[in-house]
A.B. asks: 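Below you will find the structure I want to go over with you.
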Amino acid sequence: MRMNYLVSAFASALFLQFICGYNCDDMNKAIFISLDSERWTVSNSSSSVKLNAIVPGGIYTDLKNAYILKENFFYKNNDIEYRWVGREDWSYVTSFQVGHDVMQKNSVWIVFHGLDTIAEIFLNNFSLGKANNMFVRYRFDVKNHLKTGDNTLEVKFASPIRAALDLSSHSNYSIPPECPDAVQSGECHINFLRKMQASFSWDWGPAFPSVGIWKSVEVEAFNSALIRSTSISTTNTSSGWVVSGRVHLDGAPGADMRGTADVSLSGLTPSVSSHVPVHVVFDANGYAFFDFNPLHVQRDLVKLWWPNGYGDQNLYLLNVTLNANNEANSMLTRFGFRTARLVQDPIDKQRYSKGLTFYFEINGIKIFAKGSNYIPAHILPELSSDEATLRNLLGAAKDTHMNMLRVWGGGLYESELFYKLCDEMGIMIWQDMMFACAMYPTNDEFINSVSTEIVQQVRRLQSHPSIVVWAGNNENEAALTGNWYHTLKGRKRYSLDYVELYVRTIKRLVEENDGTRSYVVSSPSNGLESEREGYLSNNPYNPLYGDVHVYNYLADNWDITNVGPTRFSSEYGIQSLPSYTTLKQVIPEHDLIPFSKLINSRQHHRAGYVQIEEEINMNLPNFNRSDIHQWIYFSQINQAMSMKTLTERYRQMRDSVDSNGYGLTMGALYWQLNDVWQAPSWSSLEFGGKWKMLHYFAEKFFSPILVSPWIEYDDRVKAMVISDRHQLPPLQVQLLVVVYRWDQFSPVNTFVTKATIVCIISIRSKFGGKWKMLHYFAEKFFSPILVSPWIEYDDRVKAMVISDRHQLPPLQVQLLVVVYRWDQFNPVNTFVTKATIKLLFKFTFQVKNIRPHSDSSSQFEITITSDQIALFVWLDAGTIKGRFSDNGFQMTSREKKVTFMSWQPLSENELAKVLTISTVKGHQLITGNDATSSNAGTDLPAHLVAPSKASILSGISVIVLFILNIVL
């Protein structure tokens, strides 16, 4: 990577700006006065509440800091108890000083980078203007309203709850949905506000109608202009790379400015630069731009930016310095050399009915998108950009081989830090515009506000190599065509509104301001096919086009045959509960029982608990409905196995297409990565960053090289070797099949087969490279006296269980497939078929020891022993923050070592006191110092994964391990 040089170049540039103040030599400075501070006060309209405030911030955090809100925001029913805050009007006030140097400048502005949401701004009792969009940067000319010395700035916010109601009451027609589902205890008419849509509640989150100055405020004083942002395009041509771009300026309305600009690229030898004459006239809003001369870079000087898992994330700096009116202003913009395409080509040019592809191509390589959906890190916008939280969440995505996150349309355009980290980690971003699950107004005021929002956000984010696609909204095409909100009667009007907002306004503005990326109107959508149908398809979920969202709560999601085809699954999910210790943060222990009033209040998805229970009962033991620990544990097993099944099926379908055009799946983004509070949801990371079982499973099912087995309708077992590798040479592998009896660790039989995985080097061909598929067929099993696998002449693998026993009753066989890499002991994948498990023997399960790593005070090696095979072994460190190297695993040896990586200094005794272990065998809860389980001999049936027709006539099942050895 070029990061060392990048750090050096960045430090040099910062030093240059420090000594020059955005100007050099004898040139004048632009002056910036930050108004971010703790020297603000905030009060409600009656002045019954008045307190100190922090900017950037928000009213909820200010009230919490002042102990007016005394409890955790999410404790018990505080989402409802604290709702009074959102019904009040609030005023933020501060005083600041300016000197003669500011007043002597030609232009002086106050800039608010984020106001949430309906506000009027006063300077020295003069109204500067109003704000109505939290996603817009507001800039007010204060040259004639400032005074030398003390100045008073006041921002008066209207209650967002009452403002939404007022706007809806003035609409000429209903714009649904008027209110969220009653189970969410939310507020109404959020679609009338350009505000984080989830702040009025969602089916995974509470209502906290936020108010405040949530981003920075500053005074800007200058003579000529300021560079606000730089848009960059990198093009790979036959003669090398070309870097072109547009520099966006803020100045005085109507001003005529002449000057020069110097543009240079850091990190290249020889250096690349250009000198550009600049002549612009600022429009009525004080905006102007200039394009710089294309910079030509030799191909061999460039190192590309790649998604996670495909190469390094090489980044460069573009420096633009504007010289005008004896004043210099500079901006550094970080970018990467990469090309990005969303490919939507016909599957069969002779038969358009077979559909279109839908995949991302980066630097000419077809990328299977692996990842999740990202919601704001906190329900309060001012807390959503905390650096430690972002590094934890995005680091957890990177560590599990994710290469894409979808920034969901009901949240926020994320902070600069968020996209900076994604650039560095190689996490591609599918960027929704902030519209979700609703119809929206299209009156002039709304469209004008949205237009400013889109232009500002696209220009702000355009240079980030991690962003690969823009999307107009979340699920609004599906909502309208599916009549989710009873829009059938007014379909014509709502359809016109839809096209006006997402096509004539947003699509046009995105394409005007960024010609380097594709724009899709909605998600889910049929992509270009939806456009062909007038942007509103009759079936936006058509699996032959675009992307789909998949939620099937009635099916057995452990059964791979229930997974339908799609080109790209941009949402799919199953709920689970967070850990006991996470719930205990906000729910008193006496209320931590299934279906208590407080537990029920956390479930904002209608019938959510019923769905969780029904899904558990399909494949797992009937849990004790009064045992919260079992409920949590089984819900996380079910979620992890369901997501594993769907994800692996999507990866299996990446290079296959049937005669009707189904297949060629090229994306799996499960819903959802993170949480905004402690509650049941679809997330793989709990609020606070703790990994659920799903996230541990994701590390395996998103593995760059995956062995993925499944059972066909006719009971044949197949296994596909899937690889994301695109470099040469082809990968040589060995597949080791190991057969065990359920009651012993010594294998009954083994055999080995070899294979070659062909790696992709170019995706200019129609479908890309083909992976080697290995088919494994298992005949019906009888009694497990002997298990005998072999390879047929056609390379099929067969295994026969032979027995002369004839006792009744028959029992279902248990088939466990465990996949290993040659160079590591921990399995990279596991697969369990549906079975009836009857535990006939007591077993001993214990923590043998906990030892700190010699070179770390935060990493510990935990040794676990068992005298029988155990399923879904789950370790929990209680309130200690950290994660395990493996978890939720199938224990197929007498001893297993797992590393716990604490996020804080820790002793082994502290870890031993809180460590618990659960397994599906009797659902044990074992502390680190316990020798054995207290209920180790339970006779508990478990129904696991996919159905198998094979049966045996004794109480002993068979386990088969598929072990992938990579020949290095």
A.B. asks: How would you list, by chain and number, every residue that makes a ring pair (Phe, Tyr, Trp, His ring centres under 6.0 Å) with Tyr572, sequence neighbours excluded?
C.D. replies: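 For Tyr572, the residues satisfying ring pair (Phe, Tyr, Trp, His ring centres under 6.0 Å) (neighbours in sequence not counted) are Tyr650.
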
A.B. asks: Any side-chain heavy-atom pair from Lys700 and Lys644 closer than 4.5 angstrom?
C.D. replies: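 No, side chains not in contact.
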
A.B. asks: If every non-hydrogen atom of Ile593 is compared with every non-hydrogen atom of Ile599, which pair is closest and at what distance?
C.D. replies: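 Between these two residues, the closest heavy atoms are O-CG1, 3.4 Å.
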
A.B. asks: Taking side chain as C-beta onward, heavy atoms only, is Asn552 less than 4.5 Å from Leu554?
C.D. replies: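 Touching, per the 4.5 Å side-chain cut-off.
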
A.B. asks: What I want to check is whether the side chains of Thr561 and Asp559 have a donor and an acceptor closer together than 3.5 Å.
C.D. replies: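 Present: a donor and an acceptor within the cut-off.
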
A.B. asks: Is there side-chain contact between Leu383 and Pro376, with heavy atoms separated by less than 4.5 Å?
C.D. replies: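 The answer is no, as the side chains (C-beta and beyond) never meet within the 4.5 Å cut-off.
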
A.B. asks: Treating Gln636 as the side-chain partner and Leu694 as the backbone partner, does any N or O pair qualify as donor plus acceptor under 3.5 Å?
C.D. replies: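 No.
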
A.B. asks: Report the distance from atom OG1 of Thr389 to atom CZ of Phe687, rounding to the nearest 0.5 Å.
C.D. replies: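 Separation between the atoms: 8.0 Å.
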
A.B. asks: Mind checking the CH2-CD spacing from Trp682 to Glu571? Nearest 0.5 Å is all I need.
C.D. replies: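 These two atoms lie 10.0 Å from each other.
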
A.B. asks: Going through the checks in order, is the salt bridge (charged side-chain N to carboxylate O under 4.0 Å, His left out) test met by Asp591 and Lys76?
C.D. replies: CA-CA 10 Å; Asp591 286 311; Lys76 297 177 72 172; 5.5 Å; no

A.B. asks: When rounded to the nearest 0.5 angstrom, what distance separates OH in Tyr670 from OG1 in Thr647?
C.D. replies: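 Result: 8.0 Å between the selected atoms.
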
A.B. asks: Are a donor atom and an acceptor atom from the side chains of Tyr551 and Gln575 found within less than 3.5 Å of each other?
C.D. replies: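 Note: Tyr551 and Gln575 side chains miss the donor-acceptor criterion.
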
A.B. asks: Taking all atoms of both residues into account, what is the closest heavy-atom pair of Ala877 and Leu911, and its distance?
C.D. replies: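 It is CB-CD1, 4.1 Å.
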
A.B. asks: Would you say His604's side chain and Gly205's backbone share a donor-acceptor pair under 3.5 angstrom?
C.D. replies: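 It does hold such a pair.
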
A.B. asks: Of all the heavy-atom pairs spanning Phe702 and Thr400, show the shortest one and how long it is.
C.D. replies: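 Heavy atoms of Phe702 and Thr400 come nearest at CB-O, 3.3 Å.
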
A.B. asks: Which pair of non-hydrogen atoms, one from Val898 and one from Phe889, has the smallest distance, and what is that distance?
C.D. replies: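 So the minimum-distance heavy-atom pair works out to CG2-CE2, 3.8 Å.
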
A.B. asks: Can you tell me if Arg649 uses its side chain to pair, donor with acceptor, with the backbone of Asn562 under 3.5 Å?
C.D. replies: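 No.
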
A.B. asks: On a heavy-atom basis, which atom in Gln585 and which in Gln678 lie closest, and how many Å separate them?
C.D. replies: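 Distance-wise, the nearest heavy atoms are OE1-NE2, 3.1 Å.
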
A.B. asks: With a 4.5 Å limit on heavy-atom distance, are the side chains of Ile862 and Phe884 in contact?
C.D. replies: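 With C-beta onward as the side chain, the pair touches.
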
A.B. asks: If we ignore hydrogens and angles and just use 3.5 Å, is the side chain of Gln890 paired with the main-chain N or O of Phe872 as donor and acceptor?
C.D. replies: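 Answer holds: yes.
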
A.B. asks: For His853 and Glu861, run side-chain contact (heavy atoms from CB on, under 4.5 Å): C-alpha distance rounded to whole Å, both residues' side-chain angles, the deciding distance at 0.1 Å, then the answer.
C.D. replies: CA-CA 7 Å; His853 282 210; Glu861 184 182 80; 3.9 Å; yes

A.B. asks: Run Glu686 and Lys692 through salt bridge (charged side-chain N to carboxylate O under 4.0 Å, His left out) and show every step you take.
C.D. replies: CA-CA 7 Å; Glu686 298 177 4; Lys692 289 182 179 178; 5.9 Å; no

A.B. asks: Determine whether a donor-acceptor pair (N or O, by modelled atom type, separation under 3.5 Å) exists between the side chain of Ser635 and the backbone of Leu577.
C.D. replies: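 Checked: pair present.
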
A.B. asks: Kindly determine whether His695 and Leu673 satisfy side-chain contact (heavy atoms from CB on, under 4.5 Å), including the steps that lead there.
C.D. replies: CA-CA 9 Å; His695 211 76; Leu673 180 71; 3.7 Å; yes

A.B. asks: Calculate, to the nearest 0.5 Å, the distance between atoms CG and CE belonging to Asn557 and Met643 respectively.
C.D. replies: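 The CG atom of Asn557 sits 6.0 Å away from the CE atom of Met643.
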
A.B. asks: Hey, is the main chain of Glu613 close enough, under 3.5 Å, to the side chain of Asn617 for a donor-acceptor pair?
C.D. replies: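 Yes.
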
A.B. asks: Return yes if some donor-acceptor pair links the side-chain N/O of Thr645 with the main-chain N/O of Met641 below 3.5 Å, else return no.
C.D. replies: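 Yes.
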
A.B. asks: So do Asp886 and Lys896 actually touch side chain to side chain, heavy atoms under 4.5 Å?
C.D. replies: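 The answer is yes; the side chains approach within 4.5 Å.
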
A.B. asks: Ile612 versus Asn638: any side-chain heavy-atom pair under 4.5 Å?
C.D. replies: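 A side-chain contact is absent here, since even the closest heavy-atom pair is not under 4.5 Å.
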
A.B. asks: Side chain of Gln846, backbone of Lys848: donor and acceptor closer than 3.5 Å?
C.D. replies: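 The answer is no, because no donor-acceptor pair under 3.5 Å joins these two groups.
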
A.B. asks: What heavy-atom pair brings Ala679 and Pro578 nearest, and what distance separates the two atoms?
C.D. replies: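 For Ala679 versus Pro578, the nearest heavy atoms are O-CD, 3.4 Å.
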
A.B. asks: In the structure I gave you, are the side-chain heavy atoms of Phe900 and Asn887 within less than 4.5 Å of one another anywhere?
C.D. replies: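 No. Closest side-chain heavy atoms not under 4.5 Å.
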
A.B. asks: State whether the side chain of Gln672 and the backbone N or O of Asn373 hold a donor-acceptor pair below 3.5 Å, judged by distance alone.
C.D. replies: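 No: the side chain of Gln672 does not pair with the backbone of Asn373.
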
A.B. asks: Please work out which of the three classes, parallel, tilted or perpendicular, describes the rings of Trp408 and Trp202, given edges at 30° and 60°.
C.D. replies: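 Answer is perpendicular, since the angle exceeds 60°.
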
A.B. asks: Identify the residue among Asp876, Thr582, Thr879 that makes a side chain to side chain donor-acceptor pair (under 3.5 Å) with Lys690.
C.D. replies: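 One option only clears the test, and that one is Asp876.
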
A.B. asks: Determine whether Trp677 and Ile379 satisfy the following criterion, side-chain contact (heavy atoms from CB on, under 4.5 Å), listing intermediate values before the conclusion.
C.D. replies: CA-CA 8 Å; Trp677 70 334; Ile379 198 64; over 6 Å; no

A.B. asks: Tyr633 side chain to Val920 main-chain N or O, any donor-acceptor pair under 3.5 Å?
C.D. replies: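 Pair found, side chain donor or acceptor close to backbone of Val920.
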
A.B. asks: Hey, could you give me the CD1/OG distance between Ile880 and Ser858, rounded to the nearest 0.5 Å?
C.D. replies: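 Rounded to the nearest 0.5 Å, the CD1-OG separation comes to 12.0 Å.
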
A.B. asks: Could you pull out all residues at least two apart from Tyr696 that satisfy ring pair (Phe, Tyr, Trp, His ring centres under 6.0 Å)?
C.D. replies: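 Scan of Tyr696 (ring pair (Phe, Tyr, Trp, His ring centres under 6.0 Å), adjacent residues dropped) gives Trp691, Trp874.
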
A.B. asks: To the nearest 0.5 Å, how far apart are CD1 in Ile375 and OG in Ser681?
C.D. replies: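 If we round to the nearest 0.5 Å, Ile375:CD1 and Ser681:OG are 7.0 Å apart.
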
A.B. asks: By the definition side-chain contact (heavy atoms from CB on, under 4.5 Å), identify the one residue from Asn308, Asp399, Leu394, Asn403 that meets it with Met425.
C.D. replies: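 Going through Asn308, Asp399, Leu394, Asn403 one by one, the side-chain contact (heavy atoms from CB on, under 4.5 Å) with Met425 is satisfied by Leu394 alone.
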
A.B. asks: One pair to check against side-chain contact (heavy atoms from CB on, under 4.5 Å): Ser372 and Trp671. What are the steps and the verdict?
C.D. replies: CA-CA 6 Å; Ser372 188; Trp671 184 269; over 6 Å; no

A.B. asks: Is there a side-chain contact between Phe595 and Asn600, using heavy atoms and a 4.5 Å cut-off?
C.D. replies: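 Yes - at least one pair of side-chain heavy atoms lies under 4.5 Å apart.
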
